[in-house]
Structures are given as C-alpha cells and as structure tokens.
Colleague: 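Dropping a structure here in structure tokens format, bear with me for questions.
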Amino acid sequence: MNSRAYVVLETEQGAADDVASRLQRHKLVSMVNAVDGEDSVIAVFEADDASDLASAVFITARRTVGVVRTTVYLARELREESYNDVQAS
C-alpha cells in the first residue's frame, strides 16, 4: 500500500462503536479504534492508488451513519535526509 490516511472522526453521542464496526468492514481500512476523548473513532485507510484512497476517505468515512465531523491526515514519506538528521541527533 502506497497511500495512507489517518482519519479522526467525531460521532454522534453513543455511535462510536457502530461507526468503528461499519468502517472495519471496508476493504481499505487497515485499522480502526473507538477512542475516549474529544473525538470518537480513529481509522487508518490504505490504498495502492491515491484516487482510491481519496474516494474511500471522502465518501465512505464522511457518509457513514453517525459521523458528525472528520479530520483527515494524509501520510507522506520522510525525505531520506530528514530521517538521517533525526537518527544523528
């Protein structure tokens, strides 16, 4: 999988477990957890193709019953020089 997105979802009160369960069935969701705190669910979407990833996140996650708000973080590869700088410190 080349493209990854971390999706933080706020759900309606009491809907976190149902939302997590629905998302877990999606083929591009590699991990999902209902969490305690301000937001209710965190899901990781992965795909070989960026357009498949975008469709999954913006259509599936946002249209899931019980989701009030989503925040999406698209992962990117660290540049090799940045990785080496971290290792040297």
Side-chain angles (χ1 to χ4, degrees):
M1 301 274 171
N2 295 328
S3 300
R4 179 180 297 142
Y6 297 89
V7 183
V8 180
L9 302 103
E10 178 184 340
T11 65
E12 296 170 352
Q13 187 172 5
D17 289 343
D18 289 339
V19 168
S21 180
R22 284 188 197 102
L23 290 175
Q24 192 170 32
R25 291 185 284 242
H26 193 281
K27 66 180 182 177
L28 296 182
V29 174
S30 61
M31 182 174 56
V32 63
N33 293 100
V35 297
D36 293 329
E38 189 173 316
D39 295 298
S40 309
V41 176
I42 298 174
V44 179
F45 286 73
E46 294 182 298
D48 291 327
D49 180 75
S51 64
D52 289 343
L53 179 69
S55 294
V57 170
F58 294 107
I59 294 173
T60 304
R62 290 187 174 176
R63 291 186 181 172
T64 299
V65 173
V67 172
V68 174
R69 179 178 55 92
T70 60
T71 304
V72 179
Y73 300 94
L74 296 175
R76 61 180 174 79
E77 295 295 322
L78 287 175
R79 295 185 324 263
E80 186 63 33
E81 58 272 10
S82 296
Y83 176 75
N84 291 334
D85 291 344
V86 170
Q87 295 298 316
S89 22

Colleague: Supply the atom-to-atom distance T64 OG1 to R22 CZ, rounded to the nearest 0.5 angstrom.
Modeller: 7.5 Å
Colleague: Kindly work out whether a path of hydrophobic side-chain contacts (I/L/V/M/F/W/Y, heavy atoms less than 4.5 Å apart) joins F58 to I42.
Modeller: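 No, it is not one cluster - the side chains of F58 and I42 are not joined through contacts under 4.5 Å.
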Colleague: Under the salt bridge (charged side-chain N to carboxylate O under 4.0 Å, His left out) rule, collect the residues that match up with R62, sequence neighbours excluded.
Modeller: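 None.
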Colleague: Once rounded to the nearest 0.5 Å, what's the spacing between atom CG of L28 and atom CG of L23?
Modeller: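 CG of L23 is found 11.5 Å from CG of L28.
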Colleague: Verify side chain to side chain contact (heavy atoms under 4.5 Å, CB included) between V7 and T71, making sure each step is shown before the conclusion.
Modeller: CA-CA 6 Å; V7 183; T71 304; over 6 Å; no
Colleague: Considering all heavy atoms of both residues, which atom of V41 and which atom of V19 are nearest to each other, and what is their separation?
Modeller: CG2-CG1, 4.2 Å
Colleague: Would you mind writing out the side-chain donor-acceptor pairs for residues 29-37 within the sub-3.5 Å range, not counting sequence neighbours?
Modeller:
from: S30; atom 1: OG; to: V44; atom 2: O; distance (Å): 3.4
from: S30; atom 1: OG; to: E46; atom 2: OE1; distance (Å): 3.0

Colleague: Applying the side-chain contact (heavy atoms from CB on, under 4.5 Å) criterion to F45, which one of L74, L53, D52, V72 satisfies it?
Modeller: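 Answer after filtering L74, L53, D52, V72: L53.
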Colleague: Going from CG on D17 to OG on S40, what distance comes out if it is rounded to the nearest 0.5 angstrom?
Modeller: 9.5 Å
